[in-house]
Amino acid sequence: MTVTRFCPSPTGLVHVGAMRTALFNWAHARHTGGTFVFRIEDTDAARDSEESYRHLLDCMRWLGLDWDEGPEVGGPHGPYRQSERHEVYRDVAARLLAAGHAYESFSTTEEVDARRRAAGQDPKLGYDNADRHLTAEQVAALRAEGREPVLRLRMPDEDLGWTDLVRGEISFAAGSVPDPVLVRATGAPLYPFTNPVDDALMGVTDVLRGEDLLPSTPRQIALYRALTDIGVASGTPRFGHLPLVFGDGNKKLSKRDPQSDFDVYRDRGFLPEGLVNYLALLGWAIADDRDVFSPAELVEAFDVTRVSANPARFDLRKAEAINATHLRALPVEEFTARVTPFLVRAGLVGDPPTAEQQRVLDAIAPLAQERMIVLSDAVGLLGFLFTDDVDIDAAAAAKNLRPEDGEVLDAAAAALRAVPAWTAADIEGALKQSLVEDLGRKPRQAFGPVRVAVSGRTVSPPLYESLELLGRDRTLRRLEGAREAYAR
RNA sequence: GCCCCCAUCGUCUAGCGGUCCAGGACGUCGCCCUUUCAAGGCGGUAGCACGGGUUCGAACCCCGUUGGGGGCACCA
């Protein structure tokens, strides 16, 4: 039975790279029929926030990553917030100390640095394991000075390696990893300690995490061995280090990079299934001739051992292309339902929309669907249908509402005023006759000005249908308004 | 500096010793369709970092070089 987990710390914004990691763990668990555990690692009171915690759960649910054990769901190994598990860590720490796997260390960072420098070494080498063999007397003496020790893990004196699920054999030489701090002098447990302890207690079998954590794996393995020895763990899990997600440069997508904020994709109206699809492509491929797939297809096909080991750049254009494909594939009613909240938020339609607004929306939806990339595009694309007056884009006006376009607006207005039945077909006939035949304009020179005058943009849903929905009065008013304001 | 990871079109990838003078997607370019813009269709462009091996045969295996990245906290 496979048990995977996603264990973010609730500090600030939700990172797309973190959600990619969550997705892979979820997909791996679902594909193998295993369990997906969601755990909150809020051991850093100074940086964690309740708001961030709530937001994390919200993002997970929105993306469709359901968890079998975790916050608000419960499970046999709770609680699932580390801030509520301090007794667990206190107990395990005591047992590790008693068994000799951990020891009390009094060296301060300054003292370690000083010793490294005195020995002509780079302080970057870190802790020098100086306190490994303090006698009981020395410990007592140091305590008598009022010094409080941290708890450190005693690293084994041998090479530490493992078979990585995505990278194969990896090994670190003995002595290359200093004894890590498990618990602060204050008694506060640290991530390198709580993480493996909880993984062990929660039965996690497969750890899929970012490659940035790869160098810390030896100490995790050492801890696992110690935990196994004292009966807390029943072995070491498998590890799979996922490729990093790069931003525009050749660097890990940092938390400071605007592109890393998961919310911007949600807010722009990416579809959960579209984002799931793209995120999955960051290091994985479903087939050699296809890259659009549903979450269900992802689960069906996902194989962690086929995840690529090279870093993946977050390519917004590709993400948009993938999302647009999913958007177009939506049944039109579903599309309309998903677009509506964006129009409501923009103040274009009521909440809920009025019957008339709904009629217009239903009519225009199929025509708008294939012209959009994200749901929020609807605000700009369809706004003109839900307002009395239209805001005309300056660039569009400069391009299509020039002085010489005045004749088009006049001719269009005259022709449309005379259209007997206000239907798309009749509107088309009237405009073609008056602008293309009578005025002798090329189609793009004929319809461009009308489009901009009426919709405010050079890109809009098909013109005749748009005019039909807009109604004769508003259409004529806008043609005249544009004539006055621009084409003179 | 030390440790570790990575190396196929601009980007993400397929490739797991012969079927690859390397396939797909995004981008880009051209054409078609066309009422603008898209969408859609068709076509083009562009890549195995380098050097040694191993092998009858290497993008695929080994070694080295170069390049890129990550990590070196009493953060997670």
Side-chain angles (χ1 to χ4, degrees), chain A residues 7-11 18 41-44 46-48 82 105 107-109 121-127 148-152 164 166-167 170-173 175-178 180-186 188-192 194-195 210-218 241 243-244 246 248 250-252 278 281-292 306 308-322 324-325 328 368-373 377 381 396 399-400 428 431-432 435-436 442-452 455 457-464:
Chain A
C7 48
S9 62
T11 55
E41 308 220 322
D42 50 351
T43 54
D44 186 349
R47 298 182 6 185
D48 301 323
Q82 293 192 327
S105 171
S107 296
T108 61
T109 306
Q121 298 168 330
D122 186 347
K124 279 271 193 190
L125 287 172
Y127 176 63
E148 293 293 330
V150 298
L151 193 68
R152 284 187 189 271
D164 197 88
V166 341
R167 284 152 215 278
I170 296 177
S171 174
F172 285 75
S176 61
V177 183
V181 172
L182 264 27
V183 182
R184 277 179 173 154
T186 60
L190 264 14
Y191 157 79
T194 60
N195 179 272
E211 188 195 337
D212 50 338
L213 291 171
L214 193 152
S216 72
T217 306
H241 290 89
L244 258 17
F246 280 9
D248 286 327
N250 267 339
K251 289 272 184 290
K252 182 170 75 157
Y278 182 66
L281 253 17
L282 258 20
W284 183 76
I286 194 167
D288 62 0
D289 62 350
R290 181 165 78 110
D291 58 15
V292 173
R306 293 180 56 86
S308 162
N310 359 342
R313 187 179 315 281
F314 190 94
D315 182 350
L316 183 60
R317 309 279 243 131
K318 174 101 177 195
E320 290 177 337
I322 295 285
T325 304
R328 275 181 253 112
Q369 190 168 5
E370 65 189 30
R371 272 151 234 264
M372 290 167 44
I373 291 170
D377 288 343
L381 189 68
K399 186 180 173 198
N400 281 315
E428 173 177 3
L431 287 180
K432 278 185 172 168
L435 306 182
V436 180
K442 289 187 158 116
R444 62 182 299 149
Q445 295 304 323
F447 301 107
V450 176
R451 180 183 302 282
V452 174
S455 76
R457 309 182 143 220
T458 54
V459 180
S460 80
L463 190 57
Y464 318 129

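Chain letters run A, B, ... following the sequence lines, proteins first, then strands; residues in each count from 1.
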State the pairing partner of [N]; accept Watson-Crick or G-U wobble contacts with both distances under 3.5 Å, and report none otherwise.
N     : answer
B/A14 : none
B/A39 : none
B/U54 : none
B/C48 : none
B/C20 : none

Report which part of the nucleic acid [X] touches: base, sugar-phosphate, or nothing (heavy-atom distance under 4.0 Å, all strands).
X      : answer
A/V150 : base
A/T194 : nothing
A/Y464 : base
A/S9   : sugar-phosphate
A/L431 : nothing
A/R328 : sugar-phosphate
A/R371 : base
A/R317 : sugar-phosphate
A/D122 : base
A/L463 : base
A/Y191 : base
A/T11  : nothing
A/E41  : sugar-phosphate

Proximity to the side chain of [X] - top-ranked nucleotide from [options]:
X      : options             : result
A/R444 : B/G1, B/U36, B/C74  : B/U36
A/E370 : B/A14, B/C6, B/A38  : B/A38
A/D288 : B/C37, B/G23, B/C74 : B/G23
A/A309 : B/A25, B/C6, B/C5   : B/C6
A/D315 : B/C26, B/C75, B/A14 : B/C26

Assuming nearest nucleotide by heavy-atom distance, tell me which of A/M372 and A/F447 is located more 5' along RNA chain B.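 Going by which nucleotide is closer to the 5' end, it is A/F447.
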Could you say whether A/E211 or A/D42 is positioned toward the 5' end of RNA chain B, judged by the nucleotide with the nearest heavy atom to each?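 It is A/E211, whose closest nucleotide lies nearer the 5' terminus.
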Nearest whole Å is fine: how far is [N] [atom2] from [X] [atom1]?
X      : N     : atom1 : atom2 : answer
A/L282 : B/G69 : CG    : P     : 18 Å
A/K251 : B/G68 : NZ    : C1'   : 9 Å
A/R306 : B/C12 : CZ    : P     : 19 Å
A/L281 : B/G27 : CG    : P     : 13 Å
A/L316 : B/U11 : CG    : C1'   : 13 Å

Considering just the side-chain nitrogens and oxygens of [X], establish if one lies under 4.0 Å of OP1 or OP2 belonging to [N].
X      : N     : result
A/T458 : B/C37 : no
A/K252 : B/G71 : yes
A/R313 : B/C26 : no
A/K318 : B/G27 : no
A/N310 : B/U8  : yes
A/T43  : B/A76 : yes

Is A/R451 close to A/N400 at the side-chain level, that is, under 4.5 Å between some pair of heavy atoms?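 Side-chain contact under 4.5 Å: no.
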Would a 4.5 Å heavy-atom cut-off, applied to side chains only, mark A/S9 and A/Y191 as touching?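 They are not in side-chain contact.
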Within 6.0 angstrom of A/R457 CZ, more than 12 heavy atoms from elsewhere: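 Counting neighbours around CZ of A/R457, 12 or fewer heavy atoms of other residues, nucleotides or ligands fall under 6.0 Å, so no.
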Which heavy atom of [X] sits nearest a heavy atom of [Y], and at what distance?
X      : Y      : value
A/E41  : A/Q82  : OE2-NE2, 3.1 Å
A/V166 : A/H241 : CG2-O, 3.2 Å
A/V450 : A/L463 : CG1-CD2, 4.1 Å
A/K318 : A/Y278 : CG-CE1, 3.5 Å

Mind checking the P distance from B/G71 to B/A14? Whole angstroms is fine.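 Their P atoms lie roughly 24 Å apart.
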Please measure how far the C1' atom in B/A58 lies from the corresponding atom in B/C62, and state the result in whole Å.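 So the two C1' atoms sit 12 Å from each other.
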Side-chain donor/acceptor contact of A/R457 with base of B/U36 under 3.5 Å: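 When only heavy-atom distances are counted, A/R457 does not reach the base of B/U36 through any donor-acceptor pair under 3.5 Å.
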